[in-house]
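Take a look at the structure below.
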Amino acid sequence: MRTSQYLLSTLKETPASAEVISHQLMLRAGLVRNLASGLYTWLPTGLRVLKKVENIVREEMQRAGANEILMPMVQPADLWEESGRWDDYGPELLRLNDRHKRPFVLGPTHEEVITKLVANELSSYKQLPLSLFQIQTKFRDEIRPRFGVMRGREFLMKDAYSFHLEQDCLEKTYQIMFDAYCRIFDRLGLDYRPVLADTGSIGGDASHEFHVLADSGEDDIAFSNASDFAANIEKAEALAPSAERAEPTQALTKVATPNVKTIDDVARFLSVDVKTIVKTLLVCGVENEQGQTPLVALVLRGDHQLNEIKTEHLPQVSTPLTFASDEQILATANCNAGSIGPIGLNIDVIIDRSAAQLSDFVCGANENDAHYTGVNWQRDCAITEIADLRNVVEGDPSPCGQGEIVIKRGIEVGHIFQLGSKYAQAMSCAVLNEGGKNQTLTMGCYGIGVSRIVAAAIEQNHDKYGIKWPEAIAPFQAAIVPMNMAKSARVKETAEALYEQLSQAGIEVLFDDRKERPGVMFADHELMGTPLLLIIGERNLDAQQVELKNRITGEKSLIAIADVMSLFN
RNA sequence: CGGUGAUUAGCGCAGCUUGGUAGCGCACUUGGUUUGGGUCCAAGGGGUCGCAAGUUCGAAUCUUGCAUCACCGACCA
């Protein structure tokens, strides 16, 4: 490719809207352009990278035995009604009508379509197991698109689905997919970790997310500093404190705390550590026989954060997790948020493991502008139920039993999941088993955010000059950069000949044939992250040499023109 | 969904307080100059100032409404 025929589109200045480095560089290097919130056009350079990522993913999925298919992006609403997700999926699901006013959705994922397909196509256990995948555009109407293609509304995803008669077969395929994912991210040259993930409301036994480690990531990952343990913070268990609860030493005392509302206020007002305060959160419970939804109280140590995923798993708590309104709080606790405590509440009270271990603590008095000090469990307030409600924090013992928790940020680029039979059941996806009986299938699903990988790779591989692509996904393998080609016939001839030779050999080379000064060319190629520059100038032509510059190492060297081809073997 | 801010040329911004012919830098075009790290000089092209209504002789500027975009928050007990 010649730059004179190519849409280079590099920018000197960073567009103001770009927050994270990958977004800035994707705009500056001319990879993408924004169309509307969360919607991006892929320019030639960006598309080259995207296609390379796509091909690696495709090759490894095929190697793992999956068949590629392509499903429609627009899906009829009745499929979603059949699975129950028309009501459950929420506002991220973009719904639309056709000219006959028939409802459709833009596919955010394809469990419904694929399960329907397999239900129609398969009739015998002999056809199992079966893995299918597609690489296709998805649409999710995100509440807050951000970070460029990292969290766009429209994005490219590889989604694979496997179908099995039995759980052990699913587990085998799950492991094959796990290994395939490791190969994919290894080949992409990314620093990644598989981490335990929550299985969500769907249930199932196992789920792993694959995270690229980067400070700009939106997920917190809990690692052990002494083992391979890694889990999404949503999933990481906070173990019960090993120490016994200390005996009470203080008397229960009600103190006036005018205008003291937050935990920090309380700590400051009473001059106590936030760790000796408990906070009581009121959330909506599940509907009872009378058709009412009572509140549920959650008690946590002041310095801890509620883990919403763990909380949603509690049978008493409604899904999705909903915090009580001010009116509900007043009706239940006789006070405003800010003065709630567990003592005397006549609703379910669920106490976090760490909060349950406190003694002589502080809590709200269920009376505005009042708190209790010297509170002790059992003496002042019965412990009815203890659960793991909080996010782990650094320094907690690792749930694997070895070492302490360390927390890092990650970008989720893959997620594999043992789905079970939720969709197969809903869509009547069954085959005849060996005994001639209809048997509902069990499924696995396996996703990779292809477009997100491009951004994640940049987050991990850049410097002040621009992108430093891992070789496997660089838009070009090399660029030919002639010095003053317009003035030197020799330089021009050499560059043209080399370009011809490399192109013929199928090397992806960008020939910078613009009439630009060297500095402009160098800056553009460094911004775009071309791994290897072939610099052709008068000064080395007498010796029949070109200069090489490596983008990753910055090393320069000379090589005979005749030997250039050998670089690409 | 809540809060904050923004919207003026392809990009980055000024002008608005105090209403009176729409500007700067980058990019682009032409000519010259320079040529191994974003040269320099000159001359140009390009904007319904987000949209709509209002005030006014006159609105980018003042008023109101709307839209879009961005950031923050959605842990309050």
Side-chain angles (χ1 to χ4, degrees), chain A residues 7-20 23-24 27-28 30 33-39 90-91 142-148 257 260-266 274 277-283 295 297-308 311 320-326 328-330 332-342 345 355 362-371 389-391 465-466 481-488 491 512 514-527 533 535-541 546-547 549 554 556:
Chain A
L7 186 61
L8 210 55
S9 293
T10 53
L11 302 173
K12 265 191 190 176
E13 285 171 298
T14 303
S17 60
E19 180 78 356
V20 295
H23 189 199
Q24 292 173 1
L27 292 169
R28 286 229 294 137
R33 288 292 180 261
N34 179 255
L35 178 66
S37 180
L39 302 175
E142 292 283 348
I143 184 169
R144 189 174 157 200
R146 59 183 144 178
F147 303 157
T257 51
V260 171
K261 292 193 166 59
T262 68
I263 290 290
D264 285 342
D265 290 346
V266 175
V274 291
I277 306 171
V278 302
K279 55 184 173 186
T280 309
L281 314 176
L282 299 184
V283 299
L295 298 183
L298 308 170
V299 180
L300 290 132
R301 220 168 74 182
D303 59 322
H304 285 152
Q305 289 215 317
L306 182 70
N307 182 309
E308 299 194 8
T311 307
L321 185 66
T322 314
F323 284 90
S325 66
D326 291 345
Q328 288 174 304
I329 292 173
L330 194 60
T332 301
N334 290 314
C335 66
N336 295 323
S339 300
I340 311 173
L345 284 180
V362 176
C363 69
N366 295 323
E367 180 182 325
N368 279 341
D369 299 329
H371 281 75
L389 295 179
R390 68 175 176 94
N391 284 337
Y465 301 110
V481 186
M483 300 291 104
N484 300 314
M485 191 168 74
K487 284 279 171 66
S488 166
V491 168
D512 201 337
R514 292 176 296 175
K515 196 185 169 201
E516 284 289 355
R517 296 166 56 82
V520 174
M521 298 191 198
F522 288 134
D524 276 344
H525 294 296
E526 275 155 12
L527 182 57
L533 297 189
I535 303 162
I536 300 171
E538 275 290 336
R539 64 163 75 149
N540 297 314
L541 278 187
V546 298
E547 183 179 330
K549 180 156 185 194
K556 293 180 186 176

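Each chain gets a letter, A, B and so on, in the order its sequence line appears, and its residues count up from 1.
Regarding A:E13, its CD atom lies at a distance of 8 Å from the P atom of B:G12, rounded to whole Å. The interatomic distance linking A:L8 (CG) with B:G10 (C1') rounds to 15 Å, in whole Å. The NE2 atom of A:H23 sits 13 Å away from the C1' atom of B:C71 (whole-angstrom rounding). With rounding to whole Å, A:L533 atom CG is found 15 Å from B:G38 atom C1'. As a whole-Å value, the separation of A:N334 CG from B:A77 C1' is 15 Å. The CD1-P distance, from A:I340 to B:C76, rounds to 13 Å in whole Å. Separating the CZ atom of A:R539 from the C1' atom of B:G36 is a distance of 5 Å, rounded to the nearest angstrom. Atom CG in A:L321 sits roughly 14 Å away from atom P in B:C76 (whole-Å rounding).
Legend: residues meeting salt bridge (charged side-chain N to carboxylate O under 4.0 Å, His left out) with A:E516, ordered by chain and number and at least two apart, are absent. With sequence neighbours excluded, the residues satisfying side chain to side chain donor-acceptor pair (under 3.5 Å) with A:S488 are A:E538. Judged as a salt bridge (charged side-chain N to carboxylate O under 4.0 Å, His left out), and not counting sequence neighbours, the contacts of A:D265 are A:R268. Under the salt bridge (charged side-chain N to carboxylate O under 4.0 Å, His left out) criterion, A:E526 pairs with A:K549, not counting sequence neighbours.
B:A77 and B:G5 have their C1' atoms separated by 30 Å, given to the nearest Å. B:A9 sits 11 Å from B:C51 when the P atoms are compared, rounded to a whole Å. A gap of 8 Å separates the C1' atoms of B:G47 and B:U8, to the nearest Å. Taking atom P on both nucleotides, B:A6 is separated from B:A27 by 29 Å, rounded to a whole Å. Comparing B:C24 with B:G32, their P atoms are spaced 25 Å from each other, to the whole Å. Spacing between B:G12 and B:A60 at atom P, rounded to whole Å, works out to 23 Å. Using atom C1' as the reference point in both B:A42 and B:U17, the two lie 38 Å apart (nearest Å). With C1' as the reference atom, B:C49 and B:G38 are 31 Å apart, rounded to whole Å.
Distance from the side chain of A:P15 is smallest for B:C11 among the nucleotides B:C11, B:G36, B:C69. When distances are taken from the side chain of A:R28 to each of B:A77, B:G12, B:G38, the shortest belongs to B:G38. Nearest to the side chain of A:E526, among B:G36, B:G12, B:G37, sits B:G37. Side-chain proximity of A:V520 to B:C26, B:G36, B:G38: nearest is B:G38. Across B:G37, B:C26, B:A77, the shortest atom-to-atom separation from the side chain of A:K12 is found for B:C26. Out of B:G36, B:A77, B:C13, the shortest distance to the side chain of A:I535 is found at B:G36. Looking at the side chain of A:L281, the nearest of the listed nucleotides B:A77, B:G12, B:G36 is B:A77.
Both distances falling under 3.5 Å, in either a Watson-Crick or a G-U wobble arrangement, occur for no nucleotide opposite B:G47. Pairing partner, B:U21: none, since no Watson-Crick or wobble contact has both distances short of 3.5 Å. For B:U33, there is no paired base (Watson-Crick or G-U wobble, both distances below 3.5 Å). Under the Watson-Crick and G-U wobble criteria, each requiring two contacts below 3.5 Å, nucleotide B:C1 is paired to B:G73. Pair assignment for B:A6: B:U68, on the basis of Watson-Crick or G-U wobble contacts that are both within less than 3.5 Å. The pairing partner recorded for B:U55 is none, the criterion being a Watson-Crick or G-U wobble arrangement whose two distances lie under 3.5 angstrom.
Nucleic acid contact class of A:A523 (heavy atoms, under 4.0 Å, all strands): base. In this structure, A:L300 reaches neither bases nor backbone, as no heavy-atom distance under 4.0 Å exists between it and the strands shown. Using a 4.0 Å heavy-atom cutoff across all strands shown, A:E19 reaches sugar-phosphate atoms only and no base atom. In this structure, A:S37 reaches the sugar-phosphate backbone alone: every heavy-atom distance under 4.0 Å involves primed, P, OP1 or OP2 atoms, never a base. A:L11 comes within 4.0 angstrom of no nucleic acid atom, judged by non-hydrogen atoms across all strands. At a threshold of 4.0 angstrom between heavy atoms, the contacts of A:G537 include nucleobase atoms, whether or not backbone atoms are also involved. Among the protein residues, A:D303 comes within range of no part of the nucleic acid, since none of its heavy atoms lies under 4.0 Å from any strand. Contacts of A:L27 with the nucleic acid, taken as non-hydrogen atoms under 4.0 Å apart, are absent. A:D524 comes within contact range of at least one nucleobase, with a heavy-atom separation under 4.0 Å. Counting non-hydrogen atoms under 4.0 angstrom, A:N366 reaches nothing in the nucleic acid.
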Verify side chain to side chain contact (heavy atoms under 4.5 Å, CB included) between A:N336 and A:I329, making sure each step is shown before the conclusion. CA-CA 6 Å; A:N336 295 323; A:I329 292 173; 5.8 Å; no
Take A:H371 and A:I277, measure what side chain to side chain contact (heavy atoms under 4.5 Å, CB included) needs, and give me the verdict at the end. CA-CA 10 Å; A:H371 281 75; A:I277 306 171; 5.7 Å; no
Anything under 3.5 Å between a protein N or O and an N or O of nucleotides 29-33 of chain B, put it in a table, one pair a line.
none

Please write out each protein N/O paired with an N/O of nucleotides 1-4 of chain B under 3.5 Å, distance rounded to 0.1 Å.
none

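Residue whose closest nucleotide on RNA chain B sits further toward the 5' end, between A:V283 and A:R146: A:R146.
Contact of A:K556 with B:G36 (side chain to base): no donor-acceptor pair of N or O atoms is detected under 3.5 Å. If you check distances only, the side chain of A:E538 never reaches the base of B:G36 with a donor-acceptor pair under 3.5 Å.
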